[in-house]
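What follows is one structure encoded as structure tokens, with my remarks underneath.
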Amino acid sequence: MQTVFDGKSLITAEMIAGSLRRGRTEQHGEAFETARVELALVLHTAHQQIEQGKNPAEIIRRLMSLLEAMRSRLHPDVWQALIPVAQNHPILEYFLEDPLTRWSFNKPRGYAGDAQLLDYIYCDPHVAESVANASEIGKALYTHTQDVPSCVAARERRDLLTRYVDEIAAKSGPQTEVLAIAAGHLREANRSVALAEGRLKRWVALDQDPQSVGLIARDFQGTAIEAVDGSVRTVLTRGHKMGKFDFIYASGLYDYLQHNVAVKLTKTCLQMLKPNGTFLFANYAEGNPDAGYREMFMDWVLLLRSEVDMWNIVNASVDRNTVEARVFFGENRNVLYAVIEKHG
């Protein structure tokens, strides 16, 4: 699949899912039929538990475990073909009572993984009213979904970004310039000591969603933060003359980028760094234990990567003699980080 970023089109679940399909289900006829029967049994059992009034958190915990076991052993084509089977099952309505699952599945902003969804993952005050208005079942489900490994990892990622901004500001001084690509609502800025103390020259928050850009502009008015409407294409074509930066990061974007686009973006970002500047990109890691539920019931598909995949992006993007690079897992090993530091 050739990913096209035209500055207007948002990343859609269909686009990502399309890139993952490697063949046709007919090539896996027997395997698909077997898997479909297994899935039907899993869903039927969960449906029975719902009708019996079992604890919602226990129902979803068991379902997540079974789905991930299936996902890990099935061919990707077979797994992809099973997703609509689950999404057309009556059980879906039960899980959509969870505000996090419902927002992801319905995609009110038109695309997967938007900034409001991250607010649910962050348990941010901006979504407190929505959570409070959920049904008792919805609240019970959310108590579990907000603490699955990928959500814990997302909160760790937010806090790691804040640490990097503050550490680089301490090292580079009050002329520090930061660029966040696909910034979302820039929640990491809420915890930044450097921003609060006025020790940043500017923190550019670039996002392709006008709603996110507008919220950032409103919430951070009068600070060093500049909200800019722009996409990956904006960066690749230098559509905005943004200058050079001490720190550039893309915390969630690479989850949606194929290798060739990721390499192009990495190369461009490195060109936008000042001497001794740092570029960071993050990606959800292979083996994420809640990926099965996320893909089936949240309709949220990510391009999961391994350490080798991350290094392949780095090595295709840089001359290793001109940078210091490292790849590492976050604390709960569900997110991978690549950090590239440019030589002076």
Side-chain angles (χ1 to χ4, degrees), residues 11-18 20-21 32 35-51 54-74 76 78-114 116-121 123 127 130-131 134-154 255-256 284 287-304 334:
I11 296 164
T12 65
E14 291 78 16
M15 184 186 83
I16 300 300
L20 294 173
R21 294 194 185 99
F32 172 70
R36 185 165 63 173
V37 170
E38 181 183 358
L39 177 62
L41 181 59
V42 168
L43 299 179
H44 177 70
T45 302
H47 204 177
Q48 284 184 319
Q49 293 175 332
I50 292 168
E51 291 177 335
K54 295 286 181 68
N55 183 290
E58 181 58 27
I59 292 173
I60 195 170
R61 183 202 63 76
R62 180 180 180 278
L63 179 66
M64 282 187 173
S65 176
L66 292 172
L67 290 179
E68 190 50 38
M70 288 185 66
R71 183 184 181 278
S72 65
R73 69 172 185 272
L74 292 177
V78 174
W79 174 256
Q80 286 293 318
L82 288 177
I83 290 176
V85 174
Q87 293 179 356
N88 286 309
H89 193 280
I91 202 175
L92 173 67
E93 293 303 319
Y94 178 84
F95 294 107
L96 292 183
E97 293 194 45
D98 166 33
L100 172 57
T101 300
R102 182 176 64 247
W103 187 276
S104 179
F105 187 85
N106 290 337
K107 298 175 182 57
R109 294 196 185 181
Y111 64 103
D114 65 50
Q116 182 86 348
L117 178 64
L118 286 177
D119 280 352
Y120 283 109
I121 290 172
C123 309
V127 298
S130 170
V131 173
S135 68
E136 291 307 309
I137 289 173
K139 290 172 187 171
L141 291 170
Y142 181 60
T143 298
H144 184 81
T145 56
Q146 70 180 356
D147 278 333
V148 298
S150 64
C151 292
V152 173
D255 294 314
Y256 304 95
Y284 270 109
N288 172 232
D290 44 277
Y293 176 85
R294 184 177 64 240
E295 293 174 3
M296 272 199 170
F297 287 94
M298 299 177 72
D299 196 38
W300 186 14
V301 182
L302 303 173
L303 300 178
L304 305 179
N334 279 273

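All values derive from a computational prediction rather than experimental measurement. Residue numbers run from 1 in the order of the sequence given.
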To the closest 0.5 Å, what do you measure between [atom1] ([X]) and [atom2] ([Y])?
X: L43; Y: E38; atom1: CG; atom2: CD; result: 10.5 Å
X: W79; Y: L74; atom1: CH2; atom2: CG; result: 7.0 Å
X: I91; Y: I50; atom1: CD1; atom2: CD1; result: 4.0 Å
X: M64; Y: T145; atom1: CE; atom2: OG1; result: 6.0 Å
X: D114; Y: K107; atom1: CG; atom2: NZ; result: 9.0 Å
X: Y94; Y: H47; atom1: OH; atom2: NE2; result: 10.5 Å

Report yes or no: does [X] contribute a side-chain atom to a donor-acceptor pair with the main-chain N or O of [Y] at less than 3.5 Å?
X: K54; Y: Q48; result: no
X: Q146; Y: C123; result: no
X: S72; Y: A69; result: yes
X: K139; Y: E136; result: no

Could you check if a side-chain atom of [X] sits within less than 4.5 angstrom of a side-chain atom of [Y], using non-hydrogen atoms only?
X: Y120; Y: S104; answer: no
X: L63; Y: F95; answer: yes
X: L82; Y: M296; answer: yes
X: W300; Y: L117; answer: yes
X: L67; Y: L39; answer: yes
X: C151; Y: V148; answer: yes
X: T45; Y: R62; answer: yes

Q80 and I83: side-chain contact (heavy atoms from CB on, under 4.5 Å), yes or no, with the steps? CA-CA 5 Å; Q80 286 293 318; I83 290 176; 4.0 Å; yes

Nearest heavy atoms of [X] and [Y], plus distance in Å:
X: A154; Y: I121; result: CB-CG2, 3.7 Å
X: A140; Y: A57; result: O-CB, 4.2 Å
X: P56; Y: L141; result: O-CD2, 3.5 Å
X: E68; Y: G292; result: OE1-N, 2.8 Å
X: G113; Y: Y256; result: CA-OH, 3.4 Å

Set out, in order, the CA-CA distance, both residues' side-chain angles and the distance that settles side chain to side chain donor-acceptor pair (under 3.5 Å) for N334 and S150, then state yes or no. CA-CA 6 Å; N334 279 273; S150 64; over 6 Å; no

Between T101 and Y293, a side-chain donor and acceptor under 3.5 Å: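 Y293 and T101 do have a side-chain donor-acceptor pair below 3.5 Å.
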
Stepwise side-chain contact (heavy atoms from CB on, under 4.5 Å) test for L303 and D255: CA-CA 5 Å; L303 300 178; D255 294 314; 5.7 Å; no

With sequence neighbours excluded, what pairs up with N55 under the side chain to side chain donor-acceptor pair (under 3.5 Å) test?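 If we apply the side chain to side chain donor-acceptor pair (under 3.5 Å) test to N55, skipping adjacent residues, there are no hits.
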
Determine, stepwise, if the pair L100 / M298 fulfils side-chain contact (heavy atoms from CB on, under 4.5 Å). CA-CA 8 Å; L100 172 57; M298 299 177 72; 3.9 Å; yes

Check whether Y284 forms a cation-pi arrangement with R294 (NZ or CZ under 6.0 Å from the six-membered ring centre, at most 45° off the ring normal).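 Yes, cation above the ring, under 6.0 Å and within 45°.
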
Carboxylate-amine/guanidinium proximity below 4.0 Å for E93 and R102: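 A salt bridge is absent here (no side-chain N lies under 4.0 Å from a carboxylate O).
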
Evaluate the criterion side-chain contact (heavy atoms from CB on, under 4.5 Å) for residue pair W103 and Q116; output intermediate values, then yes/no. CA-CA 8 Å; W103 187 276; Q116 182 86 348; 3.2 Å; yes

